[in-house]
Trainee: 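Provided herewith is a single structure, encoded as structure tokens, for subsequent inquiry.
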Amino acid sequence: MDILISGASVAGTALAFWLRHAGHTVTVVERAPAVRDGGYAIDVRGTALRVAERMGVAEPARRAGTDTLGTSFVNATGKRIATLPLGFGVLSPDDIEIMKSDFTRLLYDSVPDGVEWIFGDTVTALDQGADGVRVTFTRGASRGFDLVLGADGLHSGVRALAFGPPERFVHDLGSRMAIFTAPNELGIERWQLIHNATGRVASVKTDLGNATIKVNLLFGGGGGVDHRDRDAQRRQVADAFAGCGWHVPRLLEHLRTAPDFYYAPNAQVRMDAWTRGRVALVGDAGYCPSPLTGQGTGLALVGAYVLARELAAAGDDHVAAFARYDTVLRDFVEVNQRAALAPAKGFAPKTAREVWLRDLSIRMLPYVPWRHWIFELMTRDAKRASEAFELCMDDAHLLRIGGDASM
């Protein structure tokens with residue numbers, strides 16, 4: 001089939017990989033002028049790690065990983081009050097932690113030849129018919145495709161065109177996050193630092209080479225800012241972190257000029273169906289679990305794999321394939337979305353006393369004899385969610401893994 005994918009991040013590039021291997025003609029359109037830079041560290045774990053292994057990108061991703069040796073929690077004066085091994089959010093030594101831009105680039109480079117990439121453009125209209133979809137692009141061109149797959153994130157344009165306005169599907173979890181790159185003025189190497197403040201969390205992690213750091217600022221409240229208004233977003237973040245201690249004032253200076261500034265609500269996308277006619281949604285566009293879970297990448301990788309597999313298994317009968325995709329993936333998505341609700345409620349302490357209690361518990365954790373049991377309990381739901389889908393052993397022949405994708 002002739003298939004259009006909207007979005008060239010994790011979900012879109014993974015779809016291009018599998019669909020091209022299965023022999024389809026694939027076009028990818030991306031709003032950005034090139035493969036996107038920026039983004040914080042992402043985690044590849046559980047079932048998603050198995051998918052990455054089948055794609056042949058697991059080992060390259062491991063080599064390009066953050067290689068974080070540990071995480072320290074710091075107070076308002078910069079004193080390290082507790083240190084834990086590995087990066088915060090790494091649940092197992094088998095997990096891969098890698099900067100999002102590095103992983104997206106790996107996926108892009110792994111896609112077989114023959115895919116058409118259109119950067120600096122986006123879909124503005126969809127006209128579905130019995131035999132295909134007529135797609136209009138920002139640049140004014142109009143083309144026909146057999147299927148359109150929306151892999152264009154939380155603010156999906158394809159979802160809005162085919163399913164309806166975002167307020168029907170996007171559920172705000174009450175907090176915001178901003179991510180950007182800054183110089184490593186802290187002098188840390190292969191390390192992550194986290195500072196808890198009332199209603200706010202500031203986290204920095206070194207990039208490969210340690211010359212720069214990725215900054216992640218999370219805060220409660222906010223809202224009412226257009227997702228395209230970068231200046232308003234920067235002002236909101238700066239206002240939210242005004243008066244915060246540690247290195248935050250300096251980070252806010254870099255916030256104003258960071259070219260890779262990214263802002264998003266911590267939200268979930270909940271839908272009764274991810275397909276309509278000849279249109280399907282994959283990844284955050286259809287089932288964003290919230291960035292607080294660390295499972296957005298996992299759902300994108302597994303979702304792309306499942307949709308491509310079902311299209312192959314159905315002999316390209318998209319009606320049957322879409323129905324199976326909606327059914328087969330449903331439990332995995334719902335388990336991961338439920339696992340996101342507790343972190344969303346308690347991501348940041350709301351009072352000075354809660355800050356003190358959290359810092360105390362973190363400081364004491366390395367010394368209590370049952371610390372491993374506590375850590376297992378803390379990460380149990382996230383681990384179960386990441387492994388809640390089992391890949392079939394006989395998928396390889398359907399998706400021609402290792403076969404000829406040159407057609």
Side-chain angles (χ1 to χ4, degrees), residues 6-12 29-40 100-101 104 119-125 136-140 150-182 199-204 214-244 248-269 281 283-286 288-292 296 344 347-348:
S6 177
S9 190
V10 173
V29 61
E30 164 60 45
R31 181 188 301 272
V35 177
R36 292 179 185 266
D37 290 326
Y40 205 64
K100 183 178 182 181
S101 57
T104 303
F119 289 100
D121 206 350
T122 189
V123 176
T124 58
T136 304
F137 298 91
T138 303
R139 293 177 181 173
D152 44 352
L154 180 67
H155 303 293
S156 170
V158 170
R159 185 185 64 228
L161 291 169
F163 295 84
E167 53 267 25
R168 291 176 52 189
F169 311 111
V170 180
H171 300 265
D172 198 314
L173 299 182
S175 59
R176 306 286 176 271
M177 64 189 303
I179 299 170
F180 56 94
T181 302
R200 298 163 290 183
V201 175
S203 172
V204 301
K214 284 292 190 295
V215 182
N216 192 352
L217 302 178
L218 298 97
F219 60 100
V225 178
D226 191 295
H227 72 271
R228 293 158 294 196
D229 191 340
R230 289 287 182 258
D231 290 338
Q233 293 166 4
R234 292 177 199 264
R235 288 194 298 270
Q236 186 184 79
V237 176
D239 290 345
F241 279 85
C244 198
V248 172
R250 183 61 176 158
L251 296 176
L252 293 178
E253 292 180 20
H254 294 301
L255 161 75
R256 298 187 185 100
T257 57
D260 61 346
F261 172 78
Y262 172 81
Y263 168 102
N266 288 308
Q268 287 189 342
V269 175
L281 303 174
D284 282 356
C288 175
S290 127
L292 295 174
F347 85 97

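Any value given below was found using the heavy atoms of this structure, including those in side chains, with hydrogens, waters and symmetry copies removed. Note that this is a predicted model, so its numbers are computed, not measured.
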Trainee: Would you name the heavy atoms of Gly283 and Ala11 that are closest together and state the gap between them?
Mentor: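 Looking at all heavy atoms of both residues, the closest pair is CA-CB, 4.2 Å.
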Trainee: On a heavy-atom basis, which atom in Ala8 and which in Thr104 lie closest, and how many Å separate them?
Mentor: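 Ala8 and Thr104 have their closest heavy atoms at O-CG2, 3.6 Å.
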Trainee: Using a 6.0 Å distance limit plus a 45 degree cone around the ring axis, check whether Arg230 lies over the aromatic ring of Phe261.
Mentor: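 Verdict for Phe261: no cation-pi partner in Arg230.
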Trainee: Checking Arg159 side chain against Leu154 main chain: does a donor-acceptor pair fall under 3.5 Å?
Mentor: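 Yes, Arg159 side chain to Leu154 backbone: donor-acceptor pair under 3.5 Å.
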Trainee: What's the shortest heavy-atom distance between Asp152 and Ser156, and which atoms?
Mentor: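 Heavy-atom minimum between the residues: OD1-OG, 2.5 Å.
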Trainee: Let me confirm one number: the OH-NZ distance from Tyr262 to Lys100, rounded to the nearest 0.5 Å.
Mentor: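 Nearest 0.5 Å value for the OH-NZ distance: 6.0 Å.
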Trainee: With side chains defined as the heavy atoms from C-beta onward, is the minimum distance between Asp284 and Val10 less than 4.5 Å?
Mentor: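 Contact flag for Asp284/Val10 side chains = no.
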Trainee: Working to the nearest 0.5 angstrom, can you tell me the gap between Gln236 CD and Asp229 CG?
Mentor: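 Answer rounded to 0.5 Å: 10.5 Å.
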Trainee: What pair of heavy atoms forms the shortest contact from Arg139 to Phe119, and how long is it?
Mentor: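 That would be NH2-O, 2.9 Å.
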Trainee: Working note: Lys214 + Asp260, criterion side chain to side chain contact (heavy atoms under 4.5 Å, CB included); need CA distance, chi angles, decisive distance, verdict.
Mentor: CA-CA 10 Å; Lys214 284 292 190 295; Asp260 61 346; 4.3 Å; yes
Trainee: With side chain to side chain contact (heavy atoms under 4.5 Å, CB included) as the test, would you mind laying out the steps for Phe137 and Val123 before giving the verdict?
Mentor: CA-CA 5 Å; Phe137 298 91; Val123 176; 4.1 Å; yes
Trainee: So does Pro289 get a backbone contact from the side chain of Gln268, meaning a donor-acceptor N/O pair under 3.5 Å?
Mentor: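 Yes: the side chain of Gln268 pairs with the backbone of Pro289.
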Trainee: Checking the side chain of Arg200 only, and the main-chain atoms of Ala240 only, is there a donor and an acceptor separated by less than 3.5 Å?
Mentor: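 Yes; judged by distance alone, with no hydrogens or angles, the pair exists.
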Trainee: Looking at OG1 of Thr181 and NE2 of His254, how far apart are the two atoms once the value is rounded to the nearest 0.5 Å?
Mentor: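 NE2 of His254 is found 11.5 Å from OG1 of Thr181.
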Trainee: Roughly how far apart are Leu251 CG and Phe241 CZ, rounded to 0.5 Å?
Mentor: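 Between Leu251 CG and Phe241 CZ, I get 9.5 Å after rounding to 0.5 Å.
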Trainee: Carefully, step by step, assess Leu218 and Asn266 under the rule side chain to side chain contact (heavy atoms under 4.5 Å, CB included).
Mentor: CA-CA 9 Å; Leu218 298 97; Asn266 288 308; 4.3 Å; yes
Trainee: Determine the sole option in Arg176, Arg234, His227 for which the side chain to side chain contact (heavy atoms under 4.5 Å, CB included) test with Tyr263 is passed.
Mentor: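 So, applying the side chain to side chain contact (heavy atoms under 4.5 Å, CB included) to Tyr263 and each of Arg176, Arg234, His227, only Arg176 qualifies.
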Trainee: I need the Ser203 OG to Ile179 CD1 distance, nearest 0.5 Å.
Mentor: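 So the gap between those two atoms works out to 9.5 Å.
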Trainee: Determine whether His155 and Arg228 satisfy the following criterion, side chain to side chain contact (heavy atoms under 4.5 Å, CB included), listing intermediate values before the conclusion.
Mentor: CA-CA 10 Å; His155 303 293; Arg228 293 158 294 196; over 6 Å; no
Trainee: Is a side-chain donor or acceptor of Thr138 paired with a backbone partner of Thr122 at a separation under 3.5 angstrom?
Mentor: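 Checked: pair present.
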Trainee: Between atom CZ of Arg250 and atom CG of Leu255, what is the distance when rounded to the nearest 0.5 Å?
Mentor: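 These two atoms lie 12.5 Å from each other.
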Trainee: Just by distance, do the side chain of Arg168 and the backbone of Phe163 share a donor-acceptor pair under 3.5 Å?
Mentor: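 Judged by distance alone, yes, a pair lies under 3.5 Å.
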Trainee: Taking all non-hydrogen atoms of both residues into account, name the closest pair between Ala182 and Val215 and its distance.
Mentor: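 For Ala182 and Val215, the tightest heavy-atom pair comes out as CB-CG2, 4.0 Å.
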Trainee: Is there a donor-acceptor contact under 3.5 Å from the side chain of Gln233 to the main chain of Ala264?
Mentor: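 Judged by distance alone, no pair lies under 3.5 Å.
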Trainee: So which atom in Pro249 and which in Cys244 form the shortest heavy-atom distance, rounded to 0.1 Å?
Mentor: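 What the structure gives for the nearest pair is CD-O, 3.5 Å.
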